Amino acid sequence: MPELPEVETVVRDLRPLLVGRSFIEITVSKKALRRKWSRSWEVHLLGQRTRAIHRRGKWILIDLGEPWLLVHLGMTGQFTVVSAKVPRETHTHVVFSLDDANELRFRDVRRFGSVTYYPSRVKLDAHFLQKGLGPEPFDLDPDCWGESLRNTRRSLKAILLDQTVVAGVGNIYADESLFEARLHPTLVGQTLNPKQAEQLRLAIVSVLTRAIEKRGSSIRDYVGGSGLRGQMQDEFRVYGRTGEPCVRCRTEIERIALAGRSTHFCPKCQRKRV
DNA sequence: ACAGGATCCTGGGGGC
DNA sequence: TGCCCCCAGGATCCTG
């Protein structure tokens, strides 16, 4: 589910509820997440005061002094702080009881998400380095971005989904960014001129910024760190609007399969010409 | 190098 | 009501 704007919203919601708190108990369900939770981590986590919470791409990083927690929401992950009195919902897989009678809960219906312990920031950085996680969209250097496009024969859609090129864009915001930039999703990176490359970079920044302002998109499962749904789903211009009229030209929005994902675009506004 | 498919999971919706 | 098929905000591995 969650792309950069959703993860950013979770982090902003959790920050005031989590910083300064410590874990007094950790409860884990029997069902395994994408990376299995190890009970041996718990001794290192209990009693540690939370110093900060950050986002990197679609990852959530919790700074507990020396140890860190790394969280990925996968497709259906929810990461919320609620009163311990609130009954736990089904599919709640990890619960961190806080020292203020609240609980930090990780719930994930499809279990594609993960909650992982790292003993230090250095180990965490090594993990990202090994994955080759790309730059944040807001810090993306125009020349570096242009270079990434010039050097590949892949489609724009595939490039946007590649977390090593730019971190945090997923299926929804890839489609919305391509519409904003008026570029066809099947266009090959190599064929863009510098002006178009820059248009696309700016479109990504603009779309993600707007989505953060709207607290992300809640289509089905997504909620922010305090349980509230987002509002950006009401402003999609192509995603999920197959057959509906384009907001710019009234042409019917088309849907194709590309890079293994459903892809939505306006065949008139997003021409294949370069 | 890159596209496409399968995989990990569960649940919702549509068609019959 | 039930069953079957398709679909889903992600990441990763394998094949051709």
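To find a chain, count down the sequence lines: A is the first, B the second, and so on, and within it residues start at 1. Quick caveat, the model's predicted, so the values are computed rather than measured.
- Within 4.0 Å (heavy atoms only), A:Gly260 reaches no atom of the nucleic acid at all.
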Verdict with reasoning, A:Arg105 to A:Glu89, per salt bridge (charged side-chain N to carboxylate O under 4.0 Å, His left out): CA-CA 10 Å; A:Arg105 298 179 181 176; A:Glu89 292 185 84; over 6 Å; no
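- At the heavy-atom level, A:Arg35 lies nowhere under 4.0 Å from the strands shown.
- In this pair, A:Tyr117 and A:His44 present their aromatic rings parallel. The plane angle is below 30°, not in the 30 to 60° band.
- Note: CZ (A:Arg56) to P (C:dA11) measures 13 Å, nearest angstrom.
- In this structure, the nucleotide among B:dA3, C:dA11, C:dC7 sitting nearest to the side chain of A:Lys58 is C:dA11.
- Pairing for B:dC9 is absent, judged as Watson-Crick or G-U wobble with the two contacts each under 3.5 Å.
- One can place NE2 of A:His91 at 8 Å from C1' of B:dG11, the figure rounded to the nearest angstrom.
- A heavy-atom distance below 4.5 Å is not found between the side chains of A:Phe96 and A:Leu18.
- Taking the six-membered ring for Trp and the full ring otherwise, the centers of A:His264 and A:Tyr239 sit less than 6.0 Å from each other.
- Taking the P atom of each, B:dA6 and C:dC5 are spaced 15 Å apart, rounded to whole Å.
- Within 4.0 Å (heavy atoms only), A:Lys157 reaches no atom of the nucleic acid at all.
- Taking atom NZ of residue A:Lys31 and atom P of nucleotide B:dC8, one finds them 15 Å apart after rounding to whole Å.
- In this structure, A:Trp59 places its CH2 atom 8 Å from P of C:dA11, rounding to the nearest Å.
- The gap from the P atom of C:dT1 to that of B:dT10 amounts to 24 Å, rounded to the nearest Å.
- Electrostatic pairing of A:Arg154 and A:Asp162 counts as a salt bridge here, judged by a charged N lying under 4.0 Å from a carboxylate O.
- Residues A:Arg220 and A:Ser155 each lie close to DNA chain B; by heavy-atom proximity, the contact nearer the 5' end of the strand is made by A:Ser155.
- Look at CZ on A:Arg110: it is 10 Å from P on B:dT10, rounded to the nearest Å.
- Rounded to whole Å, atom C1' of C:dG10 lies 15 Å from atom OH of A:Tyr173.
- Counting to the nearest Å, the C1' atom of C:dA8 and the CD1 atom of A:Ile172 are 10 Å from each other.
- A:His127 and A:Trp59 have their aromatic ring centers within a separation under 6.0 angstrom.
- For A:His72, the listed nucleotide lying nearest its side chain is C:dG10; candidates were C:dA8, C:dG10, B:dA3.
- Look at the P atom in both C:dC3 and B:dC9: the space between them is 23 Å, to the nearest Å.
- Using a 4.0 Å heavy-atom distance criterion, A:Arg34 is classed as a base contact.
- When distances run from any side-chain atom of A:Glu3 to the nucleotides B:dT10, C:dC7, C:dG10, the shortest one goes to C:dG10.
- In this pair, A:Phe112 lays its aromatic ring flat on the base of C:dG10, centres within 5.5 Å and planes under 30 degrees apart.
- Distance from the side chain of A:Lys131 is smallest for C:dA11 among the nucleotides B:dA3, C:dG10, C:dA11.
- If you take CD of A:Gln163 and C1' of C:dC13, they are 17 Å apart, rounded to a whole angstrom.
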